[in-house]
Amino acid sequence: DTGVSQDPRHKITKRGQNVTFRCDPISEHNRLYWYRQTLGQGPEFLTYFQNEAQLEKSRLLSDRFSAERPKGSFSTLEIQRTEQGDSAMYLCASSPPTGRDSYNEQFFGPGTRLTVL
Amino acid sequence: QQQVKQSPQSLIVQKGGISIINCAYENTAFDYFPWYQQFPGKGPALLIAIRPDVSEKKEGRFTISFNKSAKQFSLHIMDSQPGDSATYFCAASMRNQGGKLIFGQGTELSVKP
């Protein structure tokens, strides 16, 4: 399977615990995006990387959230001191390099569903 | 100004009918408008996309109509099938802002046999 993969697919944790999710993008995709989706809503942008550089962070990304993409390949998203409001589907997407006349098509992984008890 | 508004919230169509989902945006700097299809428990899958210099794009049974002056675009699904039952999201992005997608609220489509 050459699509975007995410691990784990499901995570149940207790309030106050730390969790880490991993995303493996499509090979040679230089951009990687994290989104959060709550039930009945569209995905909301959290942050994105171009290669290893984190270029933008949404105001939704509180200081309890941190994301890395150490070698420009896979990425991790860590949530510290989880709260019940963090319960959501965390989606990762990747896109290939874009030329002057192209637009970045984003391809999504299956997501990690987080439940905070 | 960053919002994308989508309607209807839910839609029921008979098999073989036409499904139409509409989206409206405010920011004229948006330059890419994709539609995604999402099944329960899965990530969104890119269906079809359009740029603002084109008024219509067709791929198989799926057509995007784009009205730049009205700042609206719509997805038409011809000959709708039960397998099309899913949630559909419109989105918009700007290339000079890293291409992050701003999504609509979603439309839950149910195609009855």
Side-chain angles (χ1 to χ4, degrees), chain A residues 1 3-6 9-10 21 23-26 29-51 53-61 88-113, chain B residues 2-10 21 23-25 27 29-54 57 59 64 66 73 75 86-109:
Chain A
D1 188 348
V4 177
S5 62
Q6 292 186 245
R9 295 292 309 278
H10 303 274
F21 310 140
C23 171
D24 286 88
I26 295 171
H29 279 196
N30 64 336
R31 286 188 177 178
L32 186 149
Y33 301 79
W34 285 99
Y35 294 83
R36 181 172 69 186
Q37 185 178 28
T38 53
L39 203 60
Q41 299 296 316
E44 294 175 294
F45 169 77
L46 293 178
T47 188
Y48 91 97
F49 294 83
Q50 180 158 307
N51 299 313
Q54 187 174 18
L55 297 185
E56 185 176 351
K57 292 192 289 187
S58 162
R59 283 173 292 180
L60 292 175
L61 216 63
M89 175 81 88
Y90 289 84
L91 293 162
C92 175
S94 70
S95 66
T98 54
R100 187 177 60 181
D101 295 325
S102 63
Y103 295 77
N104 71 322
E105 296 179 328
Q106 292 183 33
F107 299 90
F108 282 80
T112 294
R113 179 162 297 285
Chain B
Q2 290 285 336
Q3 281 188 324
V4 176
K5 295 184 179 179
Q6 183 172 345
S7 63
Q9 192 172 1
S10 63
I21 305 171
C23 282
Y25 63 97
N27 193 337
F30 286 136
D31 56 13
Y32 176 69
F33 301 88
W35 284 89
Y36 282 84
Q37 178 189 58
Q38 186 176 31
F39 292 103
K42 306 291 185 183
L46 181 62
L47 202 57
I48 186 172
I50 199 167
R51 306 176 192 180
D53 55 347
V54 176
K57 184 175 182 180
E59 289 183 0
I64 300 179
F66 189 86
F73 58 109
L75 176 69
T87 300
Y88 292 81
F89 293 96
C90 63
S93 70
M94 286 177 269
R95 187 165 47 179
N96 66 2
Q97 287 201 2
K100 65 181 180 186
L101 292 168
I102 309 299
F103 282 87
Q105 299 88 338
T107 296
E108 189 174 352
L109 171 66

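Computation of the quantities below employed the complete heavy-atom set of this structure, encompassing side-chain atoms and omitting hydrogens, waters and symmetry-equivalent molecules. Order of the sequence lines sets the chain letters (A, B, ...), proteins ahead of strands, with each chain counted from 1.
Comparing A:Gly42, A:Gly40, A:Pro43, A:Ser58 by heavy-atom pairs within less than 4.5 Å of chain B, the highest count is held by A:Pro43. Ranked by non-hydrogen atom pairs under 4.5 Å with chain A, the options B:Cys90, B:Gly106, B:Gly43 are led by B:Gly43.
If you measure heavy-atom distances from B:Pro34 to chain A, you find no contacts under 4.5 Å at all. Only the side chain of A:Gln37 comes within contact range of chain B, with heavy atoms under 4.5 Å apart. Neither the backbone nor the side chain of A:Arg113 comes within contact range of chain B, judged by heavy atoms closer than 4.5 Å. For B:Gln38, the part lying under 4.5 angstrom from a heavy atom of chain A is the side chain only. With a threshold of 4.5 angstrom between heavy atoms, A:Leu91 approaches chain B through side-chain atoms but not through N, CA, C or O. Contact annotation for A:Glu105: both backbone and side-chain heavy atoms come within less than 4.5 Å of a heavy atom of chain B.
Note: B:Ser93 OG to A:Phe45 CZ = 11.5 Å, rounded to the nearest 0.5 Å. To the nearest 0.5 Å, atoms NZ (B:Lys42) and CE (A:Met89) are separated by 9.5 Å.
The shortest non-hydrogen separation linking B:Tyr36 to A:Gln106 is OH-O, 2.7 Å.
With A:Tyr35 contributing its side chain and B:Leu101 its backbone, the two residues share a donor-acceptor pair below 3.5 Å.
Crowding of B:Gln105 atom CD: a count of heavy atoms from other residues, nucleotides or ligands under 6.0 Å exceeding 12.
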